[in-house]
Protein chains: 2
Amino acid sequence: MITVAIAEDHQSLIDGISLLLKYEEGISIIGTSNDGRDLLDIVRLKQPKVVIMDIRMPKLDGIEATKIIMKEFPHTKVIAFSMFDQDQAVIQMRDAGAKGYILKNSPLEEILKAIHAVMQGKVYYDTGIDQRLFDDAFAKAKTPKSVLSKSEREILRLIAQNKTSSEIADIRFTAVSTVEKHRKNMMRKLGLSGKGELLKYAIEKKYDF
Amino acid sequence: MITVAIAEDHQSLIDGISLLLKYEEGISIIGTSNDGRDLLDIVRLKQPKVVIMDIRMPKLDGIEATKIIMKEFPHTKVIAFSMFDQDQAVIQMRDAGAKGYILKNSPLEEILKAIHAVMQGKVYYDTGIDQRLFDDAFAKAKTPKSVLSKSEREILRLIAQNKTSSEIADIRFTAVSTVEKHRKNMMRKLGLSGKGELLKYAIEKKYDF
DNA sequence: GAGAATATACCCGATAATGGGTATACCGAC
DNA sequence: GTCGGTATACCCATTATCGGGTATATTCTC
């Protein structure tokens with residue numbers, strides 16, 4: 001019997017998956033959740049063999065939840081089920097320990113295929129996903145290191161709030177020129193140039209995956 | 001026989017809805033589509049009684065598609081099926097002619113209830129939706145008028161791309177001072193003040209519904 | 001120890017965005 | 001015709017953001 005738990009903030013999708021698996025021989029849904037934290041409780045209590053995991057969810061996202069599950073239940077198979085097809089989304093779920101990755105714009109029966117594949121110890125990825133992303137070396141080469149230092153990241157967050165360098169200097173107890181030097185360093189590292197580019201970058205980054 | 005067409009860019013959701021309706025007496029799915037434009041072809045060819053309509057879709061969004069359907073087939077019932085719970089999303093679908101609005105984080109069987117309700121000439125809205133939004137007077141009062149003029153809106157779009165006033169002036173064949181005057185007018189109308197606020201506003205507005 | 005990165009702080013100059021105004025011309029509503 | 005809004009164009013001053021540098025001190029890795 002393959003026990004399955006599902007985490008997905010859209011209840012309509014959970015219901016769809018449930019309908020799909022309801023009559024499947026050998027598969028049993030032992031719990032569903034609309035957020036990552038609730039899911040952990042379910043996994044700890046019921047210890048499903050397979051978890052279908054959305055990424056963007058309230059309270060705890062699928063990436064973090066997967067890491068935690070892998071630490072406590074290393075034999076549980078996590079299959080990502082997400083609208084995100086960006087490389088970084090795939091890589092992060094892979095690194096967290098997911099054994100599969102399905103896109104929401106694929107047919108629902110992909111989930112069934114993925115469940116059977118991971119139960120056979122295989123890795124299952126959607127045809128819309130670059131298959132090389134599940135290769136260790138390729139994924140590692142693709143993972144951007146954070147080019148910004150801790151201070152730089154903090155300053156960038158303040159810039160995203162349109163704080164002036166003077167205001168940021170007050171907040172951080174440094175000279176204005178120090179903040180401006182950090183700004184210059186970030187411009188160089190991020191390959192930006194021109195007025196407003198750093199502010200634009202900081203604001204837009206908020207909405208990136 | 002209630003004929004139903006579905007437009008939704010996530011195929012997994014279409015499959016879930018199909019599973020739900022498959023065994024329903026008196027309901028028949030006559031077509032599905034992953035984008036608004038393809039859906040129009042289906043509606044023109046098959047003339048379903050009910051359309052389940054996502055909002056954010058490629059090629060043609062659900063709001064526009066609904067308007068077009070209402071113009072050509074005024075007796076067709078459109079039910080919105082969306083992740084957006086913002087008032088403006090609901091109001092715009094309502095204004096486009098939708099007779100129902102279901103949220104994706106509701107149980108899938110809400111769709112069944114909505115189909116039967118609209119076929120009885122009723123309006124069906126998700127319990128997560130402010131029920132007053134389907135009242136004409138309330139919706140009208142809630143619809144913000146655009147405070148910006150046509151030129152102002154165009155300039156704001158260019159500002160969102162971090163174009164300088166000088167660049168915008170070149171694009172629009174005006175003097176730089178004209179662009180700056182427009183900027184001042186927008187600052188006043190939007191109640192903004194200080195450097196970078198207009199750029200910040202322009203960029204953030206892009207991601208609003 | 002050497003080298004690189006980070007953090008702190010300063011110098012200078014150019015320019016773009018505000019914030020405060022001025023004005024005229026045109027259009028639409030009343 | 002009057003009024004208000006929009007569009008066009010200009011004046012001025014201030015200041016924040018770059019872009020180009022300078023320097024020292026500290027920390028980490030090899």
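Predicted, not measured: the structure shown is a model, and the values here were computed from it. So you know, we letter chains A, B, ... as the sequences are listed, proteins then strands, and number each from 1.
- Note that CE of M70(B) is 13.0 Å distant from CG of D95(B), once rounded to the nearest 0.5 Å.
- Comparing the local axis fitted to the first five base pairs of the helix from dG1(C)-dC30(D) to dC30(C)-dG1(D) with the one fitted to its last five gives a bend of 50°, rounded to 10°.
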Which donor-acceptor pairs under 3.5 Å do the side chains of residues 36-52 of chain A make with protein atoms, sequence neighbours left out?
from   : atom 1 : to     : atom 2 : distance (Å)
R37(A) : NH2    : K59(A) : O      : 3.1
D38(A) : OD2    : S33(A) : OG     : 3.4
R44(A) : NE     : E72(A) : OE1    : 2.9
R44(A) : NE     : E72(A) : OE2    : 3.4
R44(A) : NH2    : E72(A) : OE2    : 2.8
K46(A) : NZ     : I30(A) : O      : 2.9
K49(A) : NZ     : M1(A)  : O      : 3.4

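- The minimum heavy-atom distance between A160(A) and K200(B), with the atom names listed, is O-CE, 3.2 Å.
- Of the residues in residues 173-184 of chain A, those with a non-hydrogen atom less than 4.0 angstrom from any atom of DNA chain D are E180(A), K181(A), R183(A), K184(A).
- For S165(B), no side-chain nitrogen or oxygen approaches OP1 or OP2 of dA16(C) to under 4.0 Å.
- Under the 4.5 Å side-chain criterion, counting only non-hydrogen atoms from C-beta, F81(B) is in contact with L13(B).
- In this structure E64(A) satisfies the side chain to side chain contact (heavy atoms under 4.5 Å, CB included) test together with L60(A), D61(A), K67(A), sequence neighbours excluded.
- With rounding to the nearest 0.5 angstrom, the NZ atom of K122(B) is 15.5 Å from the NZ atom of K99(B).
- Here the range on DNA chain D touched by chain B, meaning any atom under 4.0 Å from one of its heavy atoms, is dT6(D) to dA16(D).
- Judged as a salt bridge (charged side-chain N to carboxylate O under 4.0 Å, His left out), the pairs with a partner in residues 173-197 of chain B (not counting sequence neighbours) are, in order, E152(B)-K189(B).
- Between the C1' atom of dA7(C) and the CZ atom of R153(A) lies a distance of 15 Å, rounded to the nearest Å.
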Please walk me through it: do L21(A) and I115(A) pass side-chain contact (heavy atoms from CB on, under 4.5 Å)? CA-CA 10 Å; L21(A) 302 183; I115(A) 289 172; 4.1 Å; yes
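- I102(A) has its side chain within reach of I79(A): a pair of non-hydrogen atoms, C-beta onward, lies under 4.5 Å apart.
- If S149(B) and T164(A) are placed on DNA chain D by their nearest nucleotide, the residue sitting closer to the 5' end is S149(B).
- Side-chain contact check for I69(B) versus M53(B): some heavy-atom pair is nearer than 4.5 Å.
- The salt bridge (charged side-chain N to carboxylate O under 4.0 Å, His left out) analysis of residues 159-174 of chain B, with sequence neighbours excluded, yields the pairs E154(B)-R172(B).
- What separates CD of E154(A) from P of dT6(C) is a distance of 16 Å, to the nearest Å.
- Y124(B) pairs by the ring pair (Phe, Tyr, Trp, His ring centres under 6.0 Å) definition with nothing, not counting sequence neighbours.
- Atom NZ of K150(B) is separated from atom C1' of dC26(C) by 16 Å (rounded to the nearest Å).
- Between I17(A) and the options T32(A), V4(A), L108(A), a side-chain contact (heavy atoms from CB on, under 4.5 Å) holds for only L108(A).
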Can you pull every protein N or O that's under 3.5 Å from an N or O on nucleotides 27-30 of chain C?
none

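- Note on residues 101-110 of chain A: pairs passing salt bridge (charged side-chain N to carboxylate O under 4.0 Å, His left out), not counting sequence neighbours, are E8(A)-K104(A), D54(A)-K104(A), E110(A)-K113(A).
- Of the inter-residue distances, the one linking N105(A) atom CG with Q11(B) atom CD reads 8.5 Å to the nearest 0.5 angstrom.
- For the ring pair (Phe, Tyr, Trp, His ring centres under 6.0 Å) test, no residue two or more places apart in sequence or in another chain qualifies with Y101(A).
- Whole-Å rounding puts the N162(A) CG to dA17(C) P distance at 13 Å.
- Near DNA chain C, meaning a heavy atom under 4.0 Å away, the residues from residues 186-199 of chain A are K189(A), K195(A).
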